[in-house]
Amino acid sequence: MIAEVDALGHDARTARLVALAPELLEVREAEPRDRYALPPLPDAENGVVMRFAPNPSGPLHLGHARAAALNDAYVRQYGGRYILRIEDTDPKRVDPEAYRSVPEDMAWLGTAITETVYQSDRLELYYDYARRLIERGGAYVCTCENERFRELRQAKTACPCRAGEVEEDLARFEKMLDGGYVEGEASLRVRTDLEAPDPALRDFPVFRILTSTLHPRIDASVYPLMNFSVAVDDHLLGCTHVIRGKDHIANTRRQQFIYDWFGWTPPHFRHYGRMGIEGVVLSTSEMRAGIAAGRYEGWDDIRLGTLRALARRGIEPEAVKRAMLAIGVGETDIQFSWENLFAENRAIVDPLADRFWFVPEQVAIEVSGALPREARPLRHPGLPSRGTRTLAFEGGVVVSAAELGGEVSMLRLKDLFNVDVSAVEDRFQFAYAGDDLADAREAHAPIIQWLPIGETVPCTLRRPEGDLDGVCEPVVREAVGRVVQFERVGFARIDSAGPGGVVAYLTHR
RNA sequence: GCUGCUAUAGUGUAGUCCGGCCAAUCAUGUCGGCCUUUCACGCCGACGACUGGGGUUCGAAUCCCCAUAGCAGCACCA
């Protein structure tokens with residue numbers, strides 16, 4: 001009997017059920033899923049407090065954008081506060097420039113930041129909570145050699161410093177603050193669980209002494225490590241949910257010890273998987289090295305994955321956010337594909353971009369048998385109200401060398417007329433061949449962009465794979481800063497226009 | 001090595017918690033067609049995946065075990 005039912009297809013089963021017992025049939029709604037929807041957050045009905053907490057070591061890149069966009073989307077969805085927290089407690093990894101560039105990049109991305117916090121402003125606060133932690137027996141000052149401590153930790157053995165009295169540890173911590181120890185001589189450690197299966201959790205450090213590198217904003221020599229400052233700040237700032245990469249999973253477990261010592265309730269954590277990006281380095285230090293070595297022009301070099309590089313290419317911030325939301329918060333490691341970002345961007349930019357003609361590697365050709373006339377191509381074929389531009393043909397045109405050669409015997413100069421193509425020696429000639437578009441279609445003549453001789457400006461189209469030189473319409477000079485579409489070539493952002501001509505960056509096809 | 005996490009088409013993603021409506025969703029990509037004075041946009045169609053092996057069950061992408069692969073952490077970085 002069951003086997004018989006199994007053998008039926010879904011439709012047949014439904015039909016039988018309707019015939020036998022229609023009241024049992026429930027139709028499940030098949031709502032088309034929003035591609036950008038994120039899974040619901042627990043305990044979020046009354047709003048959330050979330051944060052984006054970058055280390056100010058350089059401009060933001062696509063990896064940061066994922067964290068920034070995901071947290072942003074949740075704050076928008078549930079309402080609440082969105083804190084930008086600058087985590088500058090390691091002076092070795094602070095680039096003073098980043099205090100300006102990070103907020104700039106966030107502004108470009110368009111996130112709903114409600115407040116900005118600098119951890120370097122909060123050192124006294126961290127010292128204060130360190131004292132409280134020591135008073136609760138949750139931390140001790142350790143003066144063991146690094147190497148020695150590692151061995152002990154591996155053997156699940158307490159180091160000698162661990163047995164100290166609270167008063168003594170309190171005094172030793174003050175000694176740290178007063179400069180009584182040199183760099184590396186002493187650190188504050190949390191009492192965790194020496195039996196913890198993961199050695200990373202055993203009595204990890206939370207404060208260190210650092211005098212060899214000066215902090216660009218403050219005068220300090222004792223710094224909290226991120227697990228301490230992050231836990232204290234997340235608690236004090238009232239963070240309810242934390243979305244971060246899974247490289248922080250071990251940190252979450254470490255921070256749990258701090259929450260436990262203080263008796264605080266931790267926020268809800270969620271860790272997404274690692275994201276690789278085809279063809280680019282996302283490491284700030286590698287990018288910095290490449291710029292220093294002259295391999296890249298700067299932080300906005302289009303071969304880089306920084307937000308400013310994307311902006312320079314003509315990628316819209318909204319496209320970046322959509323691409324990140326489409327990826328979501330999965331724990332699987334992924335390979336980010338430019339194709340997906342480009343598709344999001346194309347959808348945004350296509351209705352906005354005016355169409356212009358760019359003729360790469362132009363050759364000038366005389367056209368015989370044609371009278372002067374004007375072509376008036378539309379600025380946007382889907383939106384005729386945008387108007388036209390005017391190109392005056394007076395007997396000669398430039399076209400792309402790539403269009404010629406081979407079997408081509410007829411071409412349609414777009415919005416002008418047809419020409420027959422002939423070659424004498426290695427020189428091409430065009431001869432007027434009628435206005436009728438149908439003729440060109442019938443002959444399978446390619447419809448190509450062209451420009452009148454003399455009515456062009458030099459144009460360099462910069463692409464990750466190399467520059468493409470040619471000429472474009474003079475009016476393109478008025479589009480600096482905007483994304484246009486060079487017909488049959490691709491979308492491009494007009495970067496500059498000077499006496500030397502136009503420089504454009506290819507956005508994508 | 002130790003401690004964890006993950007595994008669905010080329011890429012991203014839904015479904016996995018609560019096994020049957022999954023001959024597996026959507027997007028992107030590729031190919032073909034239509035539209036079009038762009039190789040864009042739009043429309044139509046095709047292609048393409050449950051890591052492998054056992055087990056439980058009438059029935060497994062979904063539950064269990066093993067294997068494999070990838071990733072993360074084991075810093076006085078974030």
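These numbers come from a predicted model, not from an experiment. The chains referred to below are lettered A, B, ... by the order of the sequence lines, with proteins before strands, and numbering in each begins at 1.
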Give the nucleotide from the list B/C39, B/C76, B/A78 with an atom nearest to the side chain of A/N55. B/A78

Within 6.0 angstrom of A/E442 CD, more than 12 heavy atoms from elsewhere: no

Please list all pairs meeting salt bridge (charged side-chain N to carboxylate O under 4.0 Å, His left out) that have one or both residues in residues 410-421 of chain A, counting only residues at least two apart or in different chains. A/K414-A/E487

Closest approach to the side chain of A/N146, judged atom by atom: which nucleotide of B/U6, B/G73, B/C76 is it? B/C76

Could you measure between the two P atoms, the one in B/G55 and the one in B/U13, and give it in whole Å? 32 Å

Per the 3.5 Å Watson-Crick/G-U criterion and a run length of at least three, the stems involving RNA chain B are B:1-7 with B:68-74, B:10-12 with B:26-28, B:29-34 with B:42-47, B:51-55 with B:63-67

By nearest atom, which of the nucleotides B/U37, B/A7, B/C39 is closest to the A/R441 side chain? B/U37

Test for a donor-acceptor pair under 3.5 Å between the base of B/U38 and the side chain of A/Q485, counting only N and O atoms. yes

Residues that A/H235 engages under side-chain contact (heavy atoms from CB on, under 4.5 Å), provided they are two or more places apart: A/Y259, A/W264

Report which part of the nucleic acid A/L437 touches: base, sugar-phosphate, or nothing (heavy-atom distance under 4.0 Å, all strands). base

With rounding to the closest Å, how many angstrom separate the P atoms on B/A7 and B/C63? 10 Å

A/H271/A/T252 under side chain to side chain donor-acceptor pair (under 3.5 Å): CA gap, chis, key distance, verdict: CA-CA 10 Å; A/H271 301 95; A/T252 298; 2.7 Å; yes

What's A/P446 touching, base or sugar-phosphate or nothing? Going by heavy atoms closer than 4.0 Å. nothing

Pick the closest RNA chain B nucleotide for A/Q449 and for A/I334 by heavy atoms, then say which residue is nearer the 5' end. A/I334

Check this for me: does any side-chain nitrogen of one of A/D350 and A/R355 sit under 4.0 Å from a carboxylate oxygen of the other? yes

Interatomic distance, CG@A/L133 vs CG@A/L188, rounded to 0.5 Å, equals 7.0 Å

Closest-nucleotide ordering on RNA chain B, the 5'-leading residue of A/D415 and A/D333: A/D415

Could you check whether the side chain of A/R35 and the base of B/U13 have a donor-acceptor pair of N or O atoms closer than 3.5 Å, going by distance alone? no

Taking atom P in both B/G20 and B/U30, what distance in whole Å separates the two? 35 Å

Check whether any side-chain nitrogen or oxygen of A/R346 sits under 4.0 Å from OP1 or OP2 of B/C41, and answer yes or no. yes

A/R189 NZ/CZ over A/F149 ring centroid, <6.0 Å and within 45° of normal: yes

Distance check, C1' atoms only: B/U16 and B/U62, in whole angstrom units. 4 Å

May I ask you to say what A/F491 touches in the nucleic acid, namely base, sugar-phosphate or nothing, with a heavy-atom cut-off under 4.0 Å? sugar-phosphate

Value rounded to 0.5 Å, distance of OH in A/Y127 from CZ in A/F207: 7.0 Å

For A/R148, does the CZ atom sit with more than 12 other heavy atoms under 6.0 Å from it, leaving out its own atoms? no

Please tell me if A/N340 has a side-chain N or O lying less than 4.0 Å from either OP1 or OP2 of B/U11. no

Looking only at B/C39, B/U13, B/A78, the nucleotide nearest the A/R93 side chain is B/A78

Determine the interatomic distance between P on B/A49 and the same-named atom on B/U25; round to the nearest Å. 12 Å

Can you tell me, in whole Å, how much space there is between the P of B/A24 and that of B/U38? 38 Å

Describe the nucleic acid contact of A/H248 in one word from base, sugar-phosphate, nothing, applying a heavy-atom distance below 4.0 Å. base

Reckon A/R153 has a side-chain N or O less than 4.0 Å from the OP1 or OP2 of B/A75? yes

Between B/C5 and A/R274, is there an OP1 or OP2 to side-chain N/O distance shorter than 4.0 Å? no

B/A78 OP1/OP2 closer than 4.0 Å to side-chain N/O of A/T89: yes

Write down the distance separating the P atoms in B/C43 and B/G4, rounded off to the nearest Å. 50 Å

Base, sugar-phosphate, or nothing for A/G184, non-hydrogen atoms under 4.0 angstrom? base

Distance, P atom - from B/U28 to B/C22, rounded to whole angstrom: 23 Å

